[in-house]
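This report concerns only the one structure given below.
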Amino acid sequence: MRIVPIAVATLAAIAATAGVAAVSGTKAKQIAHERHEGMENIGKQFKALRREFDSPAPNAAAVKASADQVASLAAKSSTWFAKGSGPEVGKNGAKPEIWQNWPDFVAKNRAFQQSAQAFKAIAAKGDLTAAKASYGDLAGTCKACHDKYRAEMKH
């Protein structure tokens, strides 16, 4: 029966976009801006962490502060990708593939959020060796998403 494959395809399309609120106009630009600022801040925290971990005497308090900031921003990241806030609102780093492969993108973002929370917990303990290893895991979750879903940005 032809109806079954069509129904399955329709349900799959609905499931793939479930939870993606569509926005336009000013709201879409606002979300794209929040995403950009949040990602820039995460990038700054990663640079600070890299400096600490490359230092002969890393500062545990600085690592903890950056870990807290990354975890806080990661928790907000789910709100930064409303449908309509991608390239259609102007040049930004979000590729259309985010919304075309929504379930995969959501899974990658969840992995980032979980890794950020784990890194925060480890950094709070002050064990810099464990924190450095966890930072590597966290960076891997960022790379997994950026490799597939982030366009090159020239500032």
Side-chain angles (χ1 to χ4, degrees), residues 9-54 58-125 130-155:
T10 301
L11 288 174
I14 291 168
T17 58
V20 183
V23 294
S24 61
T26 303
K27 183 68 176 173
K29 289 179 182 177
Q30 176 188 5
I31 289 171
H33 177 73
E34 287 173 17
R35 176 177 59 239
H36 176 78
E37 293 301 310
M39 293 296 186
E40 285 285 318
N41 196 347
I42 290 169
K44 288 176 186 175
Q45 299 308 316
F46 268 64
K47 287 177 185 173
L49 287 162
R50 177 56 34 219
R51 278 192 306 272
E52 290 303 324
F53 291 132
D54 287 346
N59 180 323
V63 170
K64 182 187 178 310
S66 288
D68 290 348
Q69 188 68 18
V70 170
S72 174
L73 291 163
K76 296 175 186 175
S77 66
S78 295
T79 65
W80 294 343
F81 294 92
K83 190 172 188 175
S85 69
E88 61 273 14
V89 298
K91 186 175 179 181
N92 64 64
K95 287 183 175 179
E97 287 87 345
I98 290 170
W99 297 277
Q100 295 164 358
N101 303 312
W102 187 249
D104 180 62
F105 175 78
V106 168
K108 284 179 173 35
N109 191 54
R110 274 195 204 120
F112 164 61
Q113 291 170 325
Q114 291 167 349
S115 187
Q117 290 302 319
F119 176 62
K120 176 183 173 181
I122 290 168
K125 294 177 184 176
K132 187 174 183 177
S134 181
Y135 170 77
D137 294 341
L138 175 61
T141 64
C142 290
K143 183 175 177 4
C145 201
H146 283 194
D147 284 350
K148 193 169 184 178
Y149 298 116
R150 179 179 183 238
E152 287 298 318
M153 295 288 297
K154 305 263 191 276
H155 294 298

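Values below: every heavy atom of this structure, side chains too, minus hydrogens, waters and symmetry copies. Given the structure is predicted, the values throughout are model-derived calculations rather than measurements.
Listed here is the closest heavy atom pair of L138 and A116: CD1-N, 3.6 Å. Contact record, A111 with T141: O-CG2, 3.8 Å, taken as the closest heavy-atom pair. Residue A48 comes nearest to S66 through the heavy atom pair CB-OG, 3.9 Å, listed as atom of the first residue, atom of the second, then distance. Closest heavy-atom contact between A123 and V63: CB-CG1, 4.0 Å. When all heavy atoms of F46 and A139 are compared, the pair lying nearest together is CE2-CA, 3.9 Å. Shortest non-hydrogen contact noted between A32 and N92 is CB-ND2, 4.2 Å.
The aromatic rings of F119 and F53 sit perpendicular to each other, their planes meeting at more than 60°, with 30° as the lower class boundary. Using cut-offs of 30° and 60° for the angle between ring planes, the Y149 and F105 rings count as perpendicular.
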Verdict with reasoning, Q100 to E97, per side chain to side chain contact (heavy atoms under 4.5 Å, CB included): CA-CA 5 Å; Q100 295 164 358; E97 287 87 345; 3.7 Å; yes

Take F112 and S77, measure what side chain to side chain contact (heavy atoms under 4.5 Å, CB included) needs, and give me the verdict at the end. CA-CA 9 Å; F112 164 61; S77 66; 4.2 Å; yes

Checking side chain to side chain contact (heavy atoms under 4.5 Å, CB included) for the pair H36/E40: CA distance, chi angles, key distance, verdict? CA-CA 6 Å; H36 176 78; E40 285 285 318; 3.6 Å; yes

Run W80 and N109 through side chain to side chain contact (heavy atoms under 4.5 Å, CB included) and show every step you take. CA-CA 11 Å; W80 294 343; N109 191 54; over 6 Å; no

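Expressed to the nearest 0.5 Å, how far CZ of R150 lies from NZ of K143 amounts to 11.5 Å. Interatomic distance, H146 NE2 to K108 NZ, rounded to the nearest 0.5 Å: 12.5 Å. D104 contributes atom CG, which lies 4.0 Å from atom NZ of K148 (distance to the nearest 0.5 angstrom).
Annotation for K95: atom NZ counts as buried by contact number, over 12 foreign heavy atoms lying within 6.0 Å. More than 12 heavy atoms of other residues, nucleotides or ligands shown are found within 6.0 angstrom of CZ on R50.
A donor-acceptor contact closer than 3.5 angstrom is absent between the side chains of N41 and E37. A donor atom on one side chain and an acceptor atom on the other are found under 3.5 Å apart for Q30 and E34. Residues S115 and D137 have side chains that never bring a donor and an acceptor to within less than 3.5 angstrom of each other.
Taking the side chain as every heavy atom from C-beta outward, Q117 and Q113 never approach each other to under 4.5 Å.
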